[in-house]
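Following: one structure in structure tokens, then a few remarks.
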Amino acid sequence: MQPFRHSLTQVLNSLNKWLLPAAALCAFFGYVRPWIAHKAAGLAVLGLDLGELVKFLHPVQQGEIRLWREGFYLPLVAMSVSLSLNAFCRDSSASRRREASPDGTVAEEGGPRYGWPVRIALLLLAIVTALNLLPPAWTPRLLLTPEFRLQTIAMVLCLALVALSPVAGLFQSPRTLVESLGGTADGNGRRGCLWRAAWSVALVRGLLLVVSAGAAIYFPIAQFREVLPTLAELYGQTPEIGWGPALMVAGLAGLLWHGLSEISSLFRE
């Protein structure tokens, strides 16, 4: 039974490891694919376009439909944050393999989760998603206007998190954070103030991943459904929904599951 459990754990850990990049790519391609499909390219609407498009809808301008316009950009924020926080993570300490060495001692394995090529690819995607928060035909002065100020702040914070991603990787678990500060998790360390503070920081990190992914699923989809009747009037018929929303939701659901698994590993430590 033990070998079976060990093999199952290895398989699940491997799947969870590659869930992040696969889910992020799926979400990104879903976001930039048509949400409203049309034979004429100019009438196809991408998820990326919705944040700008809704400003010109008459019911939105008149206040008949109340929307949080920036909510359409939450998928970009969720993707960038998830990639930055996880690029430099190590294998979960809760799932480290304990193996006996020839001299009888027990060694723990917990190396980097991703190699440098994958890390670079994840961070490049995080940068691309963050930069897509820029409005069309932007200028530095335009970014500081009230209309785009929140987008600008979100973009700057996402890019800052990319720059700090090596440090952010330490917040993955209390063990990695405590050991980076020169402490130890053995013995009474787990009951000490340092361990509790590190555990709380790791929990906040996990909650950030979960909340950002959950909000990125809810707001764009809910608001897209709200404006669909207005878009149907403009098209003169019920518009054909593309594959974009389904792909994006599937990818973000993967990021949500990944965040939940990170929180779950905290409670297993």
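Side chains included, hydrogens not; waters and symmetry mates left out as well; all remaining heavy atoms used. Along the sequence shown, the residues carry numbers beginning at 1.
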Exercise for the section: Tell me, with the steps shown, if Glu52 and Phe72 meet side chain to side chain contact (heavy atoms under 4.5 Å, CB included). Expected result: CA-CA 9 Å; Glu52 287 295 310; Phe72 286 109; over 6 Å; no
Exercise for the section: Decide side chain to side chain contact (heavy atoms under 4.5 Å, CB included) for Leu57 and Leu231; before the verdict, give the C-alpha distance in whole Å, the side-chain angles of both, and the deciding distance to 0.1 Å. Expected result: CA-CA 8 Å; Leu57 299 179; Leu231 293 174; 4.1 Å; yes
Practice task
Kindly determine whether Leu83 and Leu123 satisfy side chain to side chain contact (heavy atoms under 4.5 Å, CB included), including the steps that lead there.
Solution key: CA-CA 7 Å; Leu83 292 167; Leu123 294 178; over 6 Å; no
Problem - Evaluation steps, side chain to side chain contact (heavy atoms under 4.5 Å, CB included), between Tyr31 and Leu252 - result: CA-CA 10 Å; Tyr31 189 72; Leu252 290 173; over 6 Å; no
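For the pair Ser84 (side chain) and Val81 (backbone), a donor-acceptor distance under 3.5 Å is absent. A donor-acceptor contact shorter than 3.5 Å links the side chain of Tyr114 to the backbone of Lys17. Asp49 places no side-chain N or O within donor-acceptor distance of the main-chain N or O of Val45, the cut-off being under 3.5 Å. In this structure, the side chain of Trp35 engages the main chain of Gly30 through a donor-acceptor pair within 3.5 Å.
Closest non-hydrogen pair, Pro75 versus Met248, comes out as CG-SD, 3.6 Å. When all heavy atoms of Phe224 and Pro245 are compared, the pair lying nearest together is CE2-CG, 4.4 Å. Scanning all heavy atoms of the two residues, the minimum distance from Gly71 to Pro220 falls at O-CG, 3.4 Å. Taking each heavy atom of Pro136 and Leu142 in turn, the nearest pair found is O-CD2, 4.5 Å. A pairwise comparison of heavy atoms in Ala126 and Val162 identifies CB-CG2, 3.8 Å as the closest pair. Across all their heavy atoms, Arg205 and Asn86 have their closest contact at NH2-OD1, 2.8 Å.
Within the model, atoms CD1 of Ile153 and SG of Cys158 stand 12.0 Å from one another, a figure rounded to the nearest 0.5 Å. Remark: Ser265 OG to Gln172 CD distance equals 7.0 Å, nearest 0.5 Å. Rounded to the nearest 0.5 Å, atoms CD1 (Ile36) and CG (Leu234) are 9.0 Å apart. Once rounded to the nearest 0.5 Å, the distance linking CG of Leu164 with CG of Leu159 reads 11.0 Å. Of the inter-residue distances, the one linking Thr230 atom OG1 with Ile65 atom CD1 reads 3.5 Å to the nearest 0.5 angstrom. Expressed to the nearest 0.5 Å, how far CG of Leu209 lies from CG of Leu260 amounts to 9.5 Å.
Residue Tyr235 places its OH atom among more than 12 non-hydrogen atoms of other residues, nucleotides or ligands, all under 6.0 Å distant. The number of heavy-atom neighbours closer than 6.0 Å to CZ of Arg119, taken from other residues, nucleotides and ligands shown, is above 12.
Side-chain contact check for Trp138 versus Leu133: every heavy-atom pair is 4.5 Å or farther apart. A 4.5 Å side-chain heavy-atom check between Leu143 and Pro135 finds at least one atom pair inside the cut-off. Counting only heavy atoms from C-beta outward, the side chains of Phe171 and Leu85 never approach each other to under 4.5 Å. Put simply, the side chain of Val77 does not reach to within 4.5 Å of the side chain of Leu157, judged on heavy atoms. With a 4.5 Å cut-off on side-chain heavy atoms, Leu20 and Arg113 do not count as touching.
In this structure Glu147 satisfies the side chain to side chain contact (heavy atoms under 4.5 Å, CB included) test together with Lys55, Arg69, Thr145, sequence neighbours excluded. Partners of Pro229 under the side chain to side chain contact (heavy atoms under 4.5 Å, CB included) rule, at least two apart in sequence or in another chain, do not exist in this structure. Partners of Thr129 under the side chain to side chain contact (heavy atoms under 4.5 Å, CB included) rule, at least two apart in sequence or in another chain, are Phe28, Leu76, Met79, Ser80, Leu125.
Connection of Val118 to Leu161 is established within a shared hydrophobic cluster, with ILVMFWY side chains joined at heavy-atom distances below 4.5 Å, either directly or through further cluster members. Residues Leu53 and Leu150 are members of separate hydrophobic clusters, defined by side-chain heavy-atom contacts under 4.5 angstrom among Ile, Leu, Val, Met, Phe, Trp and Tyr. Hydrophobic clustering, with ILVMFWY side chains joined whenever heavy atoms are under 4.5 angstrom apart, keeps Tyr218 apart from Ile221. Residues Leu122 and Phe29 fall within the same hydrophobic cluster, defined by Ile, Leu, Val, Met, Phe, Trp and Tyr side chains chained together at heavy-atom separations under 4.5 Å. Val32 and Leu247 fall into different hydrophobic clusters, defined by Ile, Leu, Val, Met, Phe, Trp and Tyr side-chain heavy atoms under 4.5 Å apart, directly or through other members.
Using the six-membered ring where Trp is involved, Trp199 and Phe267 have ring planes that are perpendicular, over 60° apart on the 30 and 60° scheme.
The ring of Trp68 has its center closer than 6.0 angstrom to the ring center of Phe219.
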